[in-house]
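Note that the structure is a prediction, hence the values are computed from the model and not measured. A note on names: the letters A, B, ... follow the listed sequences, proteins ahead of strands, and every chain is numbered from 1.
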Protein chains: 2
Amino acid sequence: MKNYLDVIKKSPLFHNIEDFNVIPMLGCIAGYKKSYEKGQIIFSEGDLINEIGIVLKGKVELSKYGYNGNKSIIVTLEAPQMFGESYACSEIKKIPVDIISIEDSEILFVNVERILKTCSNACSFHNKMISNLLTAVANKNIVLNKKIEITSKRTTREKLLTYLFLKAKEEGKKQFTIEYDRQSLADYLEVDRSGLSVEISKLCKEGIIDNQKNHFILKRNIYI
Amino acid sequence: MKNYLDVIKKSPLFHNIEDFNVIPMLGCIAGYKKSYEKGQIIFSEGDLINEIGIVLKGKVELSKYGYNGNKSIIVTLEAPQMFGESYACSEIKKIPVDIISIEDSEILFVNVERILKTCSNACSFHNKMISNLLTAVANKNIVLNKKIEITSKRTTREKLLTYLFLKAKEEGKKQFTIEYDRQSLADYLEVDRSGLSVEISKLCKEGIIDNQKNHFILKRNIYI
DNA sequence: CTCCTTTTGTTGAAAATTCAACATACATTG
DNA sequence: CAATGTATGTTGAATTTTCAACAAAAGGAG
């Protein structure tokens with residue numbers, strides 16, 4: 001079985017851990033690999049998890065059933081992304097989603113308690129991994145906070161302007177290119193695509209923004 | 001100056017740390033107290049923070065200005081709640097909010113790097129605090145995820161049903177009391193209060209739920 | 001360049017939300 | 001228990017979103 005060291009090194013959990021420390025580290029935290037066939041269930045909704053999964057090969061899908069029994073796909077992950085960290089680290093270890101391998105996949109599992117318990121040999125990279133884990137969870141936190149700030153606005157126009165305003169602030173300029181096409185932006189803002197197009201046109205006509213495809217310019221009435 | 005040990009002990013960061021360890025712990029992580037008068041600014045938007053603030057006395061307000069220059073209050077915190085942890089722990093240390101003392105307050109600051117760097121005397125409670133911090137950030141993550149799952153639905157009815165469905169699942173029963181009054185629930189769901197009342201009435205008439213004030217019963221068509 | 005596909009913009013009708021105003025129920029207190 | 005204030009329910013009008021269908025533009029392949 002391939003050891004996937006190259007992939008593991010790219011995972012946020014192993015960020016800034018020197019190559020030659022990765023193998024000892026894995027031993028130290030008792031990480032283990034597991035293979036899943038296409039369609040195989042990795043975790044079912046309601047499972048209690050103490051382990052973080054890192055996708056080494058293949059693809060996994062997080063999905064969930066709503067009150068009406070409809071399944072919705074939340075996200076698809078590939079190497080070297082990880083899943084389960086929020087739940088494994090929280091007090092509520094019950095995961096609220098199904099996690100399914102949608103391709104033949106290899107997953108690396110690492111136990112959170114083993115990460116947190118500094119090992120007997122007090123390895124320096126152990127502390128680095130704890131800090132990486134905390135950073136990863138905190139980063140996600142910020143992403144979610146931002147999304148809530150934007151989508152909690154009531155109209156398409158307000159959502160869009162809030163999004164553009166925050167983007168401009170991040171970039172530090174009133175002119176920037178976004179990473180979404182129209183449909184993805186509509187999905188992110190939780191609005192209708194055609195309604196979004198209408199709103200962008202309006203803002204352009206009103207002279208508040210300029211827009212060419214993914215490139216936006218904030219012209220006035222926006223306080224950065 | 002009061003030492004506020006009783007408050008500190010209640011903070012999530014000091015959860016399960018024995019009383020007699022709190023003082024040594026504070027020394028170990030170089031925690032320090034600071035007083036703020038009513039109206040005084042604790043952090044301004046854009047400040048880089050490396051410290052978590054724990055409210056020991058008084059009240060602090062997190063607020064922010066939108067694209068239109070309007071100020072909106074995000075949350076008010078009192079003892080023993082903490083703030084800044086997501087930013088102090090993340091890669092983006094710039095806080096996006098103003099944090100203001102709205103009463104005469106006392107704040108305990110602890111440096112995240114000092115928490116993460118296991119101290120020379122390798123105190124056992126140090127590890128506990130790291131784990132507490134991680135748990136706190138991960139818990140918030142779950143709260144935010146849930147809120148997004150609910151508010152990303154497009155109609156008041158879907159938001160409400162998703163909320164009730166998740167609540168029922170958490171409680172493990174189809175009958176439960178919620179912690180919100182109508183206005184707070186509307187705020188949480190990001191919908192209009194009167195529209196929410198209309199929807200609750202409809203669902204009752206349709207025989208899908210029963211409701212008396214804060215008490216809800218899911219009757220059918222809800223898959224838990 | 002042309003054909004074909006994908007993305008984006010536009011339109012109008014239907015559905016849903018918001019808003020303001022008022023009615024009713026509930027709770028508190030003097 | 002009357003009076004007052006707060007919370008909740010109801011209504012209709014105005015605004016906004018969604019939805020479906022189509023038009024226009026952009027991009028790629030041959």
Quick one: is dT17(D) close enough that its OP1 or OP2 comes under 4.0 Å of any side-chain N or O from Thr156(A)? yes

Ser201(A) vs dT10(C): side-chain N/O to OP1/OP2 distance below 4.0 Å: yes

Return the value, rounded to whole Å, for the distance between atom [atom1] of [X] and atom [atom2] of [N].
X         : N       : atom1 : atom2 : answer
Glu158(B) : dT17(D) : CD    : C1'   : 13 Å
Gln212(A) : dT8(C)  : CD    : C1'   : 13 Å
Asn211(A) : dA25(D) : CG    : P     : 16 Å
Leu160(A) : dT16(D) : CG    : P     : 15 Å
Glu199(B) : dA15(C) : CD    : P     : 15 Å
Leu196(B) : dT8(D)  : CG    : P     : 10 Å
Lys159(B) : dA16(C) : NZ    : P     : 14 Å
Arg193(B) : dT10(D) : CZ    : P     : 11 Å

Quick one: does [X]'s side chain have a donor or acceptor within less than 3.5 Å of a partner on [Y]'s backbone?
X         : Y         : result
Ser105(A) : Lys59(A)  : yes
Asn141(A) : Val137(B) : yes
Asp6(A)   : Ile8(A)   : no
Lys33(B)  : Ile107(B) : no
Asp98(B)  : Glu45(B)  : yes

Please work out which residues in residues 176-185 of chain A have a non-hydrogen atom less than 4.0 Å from an atom of DNA chain C and list them by number.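 Correct list: Asp181(A), Arg182(A), Gln183(A).
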
Taking the side chain of [X] as heavy atoms from C-beta outward, which of [options] is closest to it?
X         : options                   : value
Ser194(B) : dT8(D), dT17(D), dA20(C)  : dA20(C)
Asp192(B) : dT17(D), dG9(C), dC19(C)  : dC19(C)
Val198(A) : dT11(C), dT10(D), dT17(C) : dT11(C)
Lys213(A) : dG9(D), dA26(D), dT11(D)  : dA26(D)
Thr155(B) : dA16(C), dT18(C), dT17(D) : dA16(C)

Taking atom CD of Glu37(A) as the centre, report whether more than 12 heavy atoms of other residues, nucleotides or ligands fall under 6.0 Å from it. no

Select from Arg154(A) and Lys205(A) the residue whose nearest nucleotide in DNA chain C is closer to the 5' end of that strand.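 The 5'-side residue here is Lys205(A).
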
Have a look at Phe14(B) and tell me which of Asp19(B), Leu5(B), Ile54(B) forms a side-chain contact (heavy atoms from CB on, under 4.5 Å) with it.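 The side-chain contact (heavy atoms from CB on, under 4.5 Å) with Phe14(B) is passed solely by Ile54(B) among Asp19(B), Leu5(B), Ile54(B).
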
